[in-house]
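Here is the naming used below: chain letters follow the sequence lines, and residue numbers restart at 1 for every chain.
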Protein chains: 4
Amino acid sequence: MSQTTGETTGERVQAAALALFAERGYHGTGIRQLAEAAGLSSASLYHYMGTKEELLVAIMRASLTELLDAAEATADLDDPQDRLVALVDLHVRTHASAPERTRVVDDEVNALSAPARAEVVTLRDRYEALWQAALDDGVARGGFQVRSASVVRRALLEMCSGVARWWTPDGDLDLDALAEEYAALALRLVGVSARHAAAQ
Amino acid sequence: MSQTTGETTGERVQAAALALFAERGYHGTGIRQLAEAAGLSSASLYHYMGTKEELLVAIMRASLTELLDAAEATADLDDPQDRLVALVDLHVRTHASAPERTRVVDDEVNALSAPARAEVVTLRDRYEALWQAALDDGVARGGFQVRSASVVRRALLEMCSGVARWWTPDGDLDLDALAEEYAALALRLVGVSARHAAAQ
Amino acid sequence: MSQTTGETTGERVQAAALALFAERGYHGTGIRQLAEAAGLSSASLYHYMGTKEELLVAIMRASLTELLDAAEATADLDDPQDRLVALVDLHVRTHASAPERTRVVDDEVNALSAPARAEVVTLRDRYEALWQAALDDGVARGGFQVRSASVVRRALLEMCSGVARWWTPDGDLDLDALAEEYAALALRLVGVSARHAAAQ
Amino acid sequence: MSQTTGETTGERVQAAALALFAERGYHGTGIRQLAEAAGLSSASLYHYMGTKEELLVAIMRASLTELLDAAEATADLDDPQDRLVALVDLHVRTHASAPERTRVVDDEVNALSAPARAEVVTLRDRYEALWQAALDDGVARGGFQVRSASVVRRALLEMCSGVARWWTPDGDLDLDALAEEYAALALRLVGVSARHAAAQ
DNA sequence: TATGAATGAGCCTTCATTCAT
DNA sequence: GATGAATGAAGGCTCATTCAT
């Protein structure tokens, strides 16, 4: 069972779950499919996870806390435009390079029971609050021209999350170009003439 | 059998399916829940639908063809900005006022079997082609400033579809204001200063 | 609904049932298939039949009483060999020319509930008793050479009923030749040198 | 789990299926009845079988291959009469002592889907080809007097299979006597005076 | 660690039948 | 006559989970 790579069995289970949840959805994925994809019997699976729901929560928690931690680091940036660009860059890169993970987080929240959902939504809200703060700050001192920062926040996030549904490394745009492009779009959305992006 | 409203039983079934599929997902919704929500036994349900999947396809087809028909009407507009604004207006209003329907269409495509998915994806592709054409036209003759029209198309669509996930009629923004706001955002995204949108 | 031929709707139902029961078995045939084959709705079917089981019993009763009546007519024949040949001729012709009907009678007896089965088995027993009597008579006065008349009765009946499973009018043997051949085989089975059959 | 006898659970399932399929037919037997007869829950049943149809096929395959193997052993016999007698002996003993198994094989072929039926029919055809060969050989060199060997083959097989429908060890005839009797009848059918059979 | 065996509950769907119209 | 609508029961099968080994 020990892999040549240092991959833990538990990690293999999470990876398998990620792939299947992303492809067929949480409810569309059976415990036996999970087990087969992980190279275990369905009974053995339960040594590496709690319930199926706890597995989903674990995936979501890991993904969101990682994203949240990275996003919190952008708070150091003083310039609101820099902050926004940094958030977009982080979000787009994360969604493009880990599309399964992000799609599961984005799409399967409703599959959770109330208590589990509460925990996940709290994390997501904290993450979105960082965007909201950046936008508010941009309006206050960064020259952002927006009617409603919260509407723009939602528009921005949906727009950026979308890359997880279509971007592939094989296409015309590489990851750097993608991130740049979305940063430029974001600045346009907040009504800033593309100062930053124009440099590219 | 006879309802106070003129609502058909078949319509009641579709309405129930819409609500449940949107709330819990296709795979998360059981036939018995469907039946209960429609006020029928699970056996009776099958007088008003084919399989569960056919019910989903029927919902998707109705939604997409309606949207597609309305979108095709925008082809009359000569000015590319007008066309884009009309598409955004249509898309946003549709998603905001029928959020369950649009969320089901957007989120449950992977739940379909290959042949059913093919039909639905064809419709969706035809719809998106209208957006692509509008963008291409805008680049050619409407002053749109975009590096990649197809990237912007995806960004725009994700952004606009997002309203189905948060907008409610009870909030600060009414439907007209929402549509206007998104039209303005769209024009910004394509690099046009928001001249036109106000006319809407 | 009235046919150009004088065929009654009730007859059409029986004919459809015959074909389907023979092809897929009683338990393998659904009421809706029956209705479709008869050109009726499943509800309308119930104007022409009782329960599904009663329909089966009706088919069996009609088939068996007809066969029984014809077989009883052979009792007139004095010569045991003539009687046996007449029974074989009747049985083989009936099974060859109405294979569906006879297969249903032969194969679906176990599908009946106890009371229905009792009625059918009674008819069948009366029919087989005529064979037994013919054999007993043949042993007593017809020169039949058999160790056990009842064993031979069963062997004969199974052998003759079998034609319903393979004979078709398109093959090498026409109905007359088939009947003759089986009469000859029957005489051999009872140990009579093929006097009768030899004439052919 | 551990039985007093050495019987496997899987064998218990097959035995239960055999009994029920023989008594009520394949379509007349439900999975829940099967489970109850095997002493399992219906879910547990699926540890020991594939689908219900695969269970039926497994039964048929086992039965037919066993019979076929045994029948092929008779090819060693040079004398056509010996061969025929050996085949009858085998067939009758098998059908008399395993009537459920043989009745299921004989009666439920139509319950199979096309691909499953193809496999079973192939085995049955190979078995019947051995009979045909024996009869052809008997006509060529064994003094068999038959108009059509294929008609006689069918008559013989139906006749011999019939014992599965009536013979019981409690009756007048024990298994040896039954086999002998049918061997004698078979020789009569092919027009050979019953010289050999006694030697058996 | 790992898994065969086990299951109650539930899956989607069809069953034979009834009845108001 | 004829049927659309309706259903309780059952169809075959899979679910997530547990546990003894």
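- The stretch residues 28-35 of chain A comes close to DNA chain F through T29(A), G30(A), I31(A), R32(A), each having a heavy atom under 4.0 Å from the strand.
- When the C1' atom of dG12(F) is taken as reference, atom CG of L56(D) falls 14 Å away, rounded to whole Å.
- Separating the CG atom of L20(A) from the P atom of dA16(F) is a distance of 12 Å, rounded to the nearest angstrom.
- Residues passing the side chain to side chain contact (heavy atoms under 4.5 Å, CB included) test with A37(B), sequence neighbours excluded: A16(B), L20(B).
- Checked against salt bridge (charged side-chain N to carboxylate O under 4.0 Å, His left out), D106(D) has no partners two or more places apart in sequence or in another chain.
- Taking atom NZ of K52(D) as the reference point, atom P of dT13(E) lies 19 Å away to the nearest angstrom.
- For R165(C), the side chain to side chain donor-acceptor pair (under 3.5 Å) criterion is met by D107(C), not counting sequence neighbours.
- Across all non-hydrogen atoms, the minimal contact from L112(D) to R117(D) is O-NH1, 2.9 Å.
- Sorted by first then second residue, the side chain to side chain donor-acceptor pair (under 3.5 Å) pairs that include residues 31-40 of chain B, not counting sequence neighbours, number zero.
- A22(D) is linked by a side chain to side chain contact (heavy atoms under 4.5 Å, CB included) to E100(D), R103(D), V104(D), counting only residues two or more places apart in sequence or in another chain.
- Nearest heavy-atom pair, A111(C) versus L56(C), reported as atom, atom and distance to 0.1 Å: CB-CD2, 4.4 Å.
- Consecutive Watson-Crick or G-U pairing (both distances under 3.5 Å) extending over three or more pairs maps onto DNA chain E as E:2-21 with F:2-21.
- The distance between atom CD of E36(D) and atom P of dA10(F), rounded to the nearest whole Å, is 13 Å.
- Taking every heavy atom of residues 43-51 of chain A and every atom of DNA chain F, pairs under 4.0 Å involve A43(A), Y46(A), T51(A), by number.
- Taking atom CG on L40(C) and atom P on dG4(F), their separation rounds to 11 Å, with Å as the unit.
- Evaluation of the ring pair (Phe, Tyr, Trp, His ring centres under 6.0 Å) test over residues 14-44 of chain D, restricted to residues two or more places apart or in two chains, returns F21(D)-Y26(D).
- For S41(A), the side chain to side chain donor-acceptor pair (under 3.5 Å) partners are S44(A), not counting sequence neighbours.
- Note: CZ (R24(D)) to P (dG11(F)) measures 10 Å, nearest angstrom.
- Applying the ring pair (Phe, Tyr, Trp, His ring centres under 6.0 Å) test to every pair with at least one member in residues 43-67 of chain A, sequence neighbours left out, gives no pairs at all.
- Spacing between atom CZ of R12(C) and atom C1' of dG1(F) amounts to 13 Å, rounded to whole angstrom units.
- Each side chain to side chain donor-acceptor pair (under 3.5 Å) pair with one or both residues in residues 52-65 of chain A, not counting sequence neighbours, appears once here: E53(A)-S113(A), R61(A)-E119(A).
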